[in-house]
Engineer: 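Just passing along the structure, written as structure tokens.
Note that ligands are numbered from 1 as they come in the structure, with each ligand's atoms numbered from 1 the same way. Side chains included, hydrogens not; waters and symmetry mates left out as well; all remaining heavy atoms used.
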Amino acid sequence: MTITTEKGIRKTVEEAIDNQPITDIHTHLFSPNFGDILLWDIDELLTYHYLVAEVMRWTDMDAASFWRLNKKEQAELIWQKLFIERTPVSEAARGVLTTLQEMGIDPKTKNLDTYRAEFAGRTAEAQVQAVMEQANVSNIVMTNDPFDEQERAIWLDGMKPQDNFHAVLRIDPLLNDFENTKESLRAWGYDIQEKWNEQSIAEVNRFLEDWIGMMSPLYMAVSLPPSFAYPEDSDRGRIIRDCILPVTKKHNIPFALMIGVKKRVNPDLIDAGDFVGKADISALENLLAENQENKFLVTMLSRENQHELAVLARKFRHLMVFGCWWFMNNPVIVNEVTRMRMELLNTSFIPQHSDARVLEQVVYKWKHTKTVLKDVLTEKYEDVRSTGWPVTKEDIEKDVAALFQENFWNFLEKDFRR
Ligand code: RAT
Ligand code: ZN
């Protein structure tokens, strides 16, 4: 049915977005059967590293003293400084309030202990279900790190995620710190030579194959510094060329590159101490041009890289642009970047992922994203409608399904459960 008014466009877009199940293509969550590496509850929400970075601006405490506090004490300090002594207007602070509200916990008491009591009676399994229903997220894609001792042990024990959680093989140490990583690989029985030769290549590939076998990952992923270059006469350049590209191609899985993070510019802050830098996108251009049969999922951290990234996707259909990552995930930037991507790419991109580290963040991250996307899509369809072109409810629903779920699975060439 053709929509005849601007009000009709808005209502249809809002309903389509609210009714659309989502595949959250990048999170740091775990299937609940993986045990306590899945983070959840109010103290975890408050100690999110985005909020740690913010609280350090309002206290004289040095970072070492902050980290010596236990989790509850850290949460109390953040609560006091960011929520009680001032109004929580930042995106990460507002997110806590949205989460409480959407989960039926009235934030008006301003009393941390009453919120703690609300979470105390819940189980991880029930909370996973409640969060996924609330946010209408039907599939969660994890980040799985074979170099993390705790997580490694879980996989080696033969644990598999529940049906709607999907693995991703994350390989940062392999590409960003090969000097140390090759020692770990050797300790695990992979006979990496001092020289980069046929045997070293075969052994790194054997490691990747073993973990692909264990995890069945949807894609292989890495985060990279702004200085990332390709091709490059370096460990990283060689491993990408000789191992990552052939192995991902063989398994027909994308290589996901998250480019632009300057790790630990303030090391004392740990995860909260990472910064952003503009990357030289010619590295990606070279990868795409030279590897037409590979698939690349890419997000970039710097606002300055967003335009050229979208333009590059017009040149190479084996590039799928995804998400507004980390410092990009602010409504003002999501709004601008999503508009630009639609203007350059139609709906052939993946607008967002939650990047949730704490389960309940899925609720606010998607709520905030949906609010922005409703505005953006309404404007775009209204622009089309006002030319006299008939826009129908089915057109809008089809596009929304593509953006929130189908572009991802189609790019993977995989079936999925809605
Ligand atoms: O957004 C974040 O939580 C970052 O610390 C990173 O985890 C980033 O998303 C990544 O996947 O490297
Ligand atoms: Zn992440």
Engineer: Tell me which one of Arg170, Met258, His353 gets a heavy atom nearest to atom 12 (O) of ligand 1.
Structural biologist: Arg170
Engineer: For ligand 1, which atoms sit closer than 4.0 Å to a heavy atom of His26?
Structural biologist: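 Those atoms are 9 (O), 11 (O).
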Engineer: Judged by modelled atom types alone, do Asn407 and Thr347 share a side-chain donor-acceptor pair under 3.5 Å?
Structural biologist: no
Engineer: Hey, can you tell me if Trp326 and Tyr50 have their rings parallel, tilted or perpendicular (30° and 60° cut-offs)?
Structural biologist: parallel
Engineer: Taking 2.8 Å as the cut-off, does His28 contribute an N, O or S atom near the Zn ion (ligand 2), distance below it?
Structural biologist: yes
Engineer: With a sphere of 6.0 Å drawn around CZ of Arg86, does it hold more than 12 non-hydrogen atoms of other residues, nucleotides or ligands?
Structural biologist: yes
Engineer: Would you mind checking which non-hydrogen protein atom is closest to atom 5 (O) of ligand 1, with the distance to 0.1 Å?
Structural biologist: His49 NE2, 2.9 Å
Engineer: So, does Asp355 sit close enough to ligand 1 that a heavy atom of it is under 4.0 Å from the ligand?
Structural biologist: yes
Engineer: Which residue holds the protein heavy atom closest to atom 8 (C) of ligand 1, what is that atom called, and what is the gap in Å?
Structural biologist: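 The closest one turns out to be Trp325 NE1, 3.3 Å.
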Engineer: Do you see a donor-acceptor pair shorter than 3.5 Å between the side chains of Asn329 and Gln352?
Structural biologist: yes
Engineer: Return the residue, atom name and 0.1 Å-rounded distance of the protein heavy atom closest to atom 3 (O) of ligand 1.
Structural biologist: Arg357 NE, 2.6 Å
Engineer: In Asp355, which N, O or S atom comes closest to the Zn ion (ligand 2)?
Structural biologist: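 This residue's closest N, O or S atom turns out to be OD1.
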Engineer: Lys263 to ligand 1: N or O pair under 3.5 Å?
Structural biologist: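 Lys263 vs ligand 1: no N/O contact under 3.5 Å.
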Engineer: Counting heavy atoms not belonging to Lys11, are there more than 12 under 6.0 Å from its NZ?
Structural biologist: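 No, not enclosed.
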Engineer: Name the orientation class of the two ring planes belonging to Trp211 and Phe207 (parallel below 30°, tilted from 30 to 60°, perpendicular beyond 60°).
Structural biologist: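 Aromatic pair Trp211/Phe207 classed tilted.
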Engineer: Can you report which non-hydrogen protein atom sits closest to atom 1 (O) of ligand 1, along with the distance?
Structural biologist: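 Looking at atom 1 (O) of ligand 1, the protein heavy atom closest to it is Tyr50 OH, 2.7 Å.
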Engineer: Ring-plane angle category for Trp409 and Phe416, please: parallel below 30°, perpendicular beyond 60°, tilted otherwise.
Structural biologist: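 The arrangement is parallel - the two ring planes meet at less than 30°.
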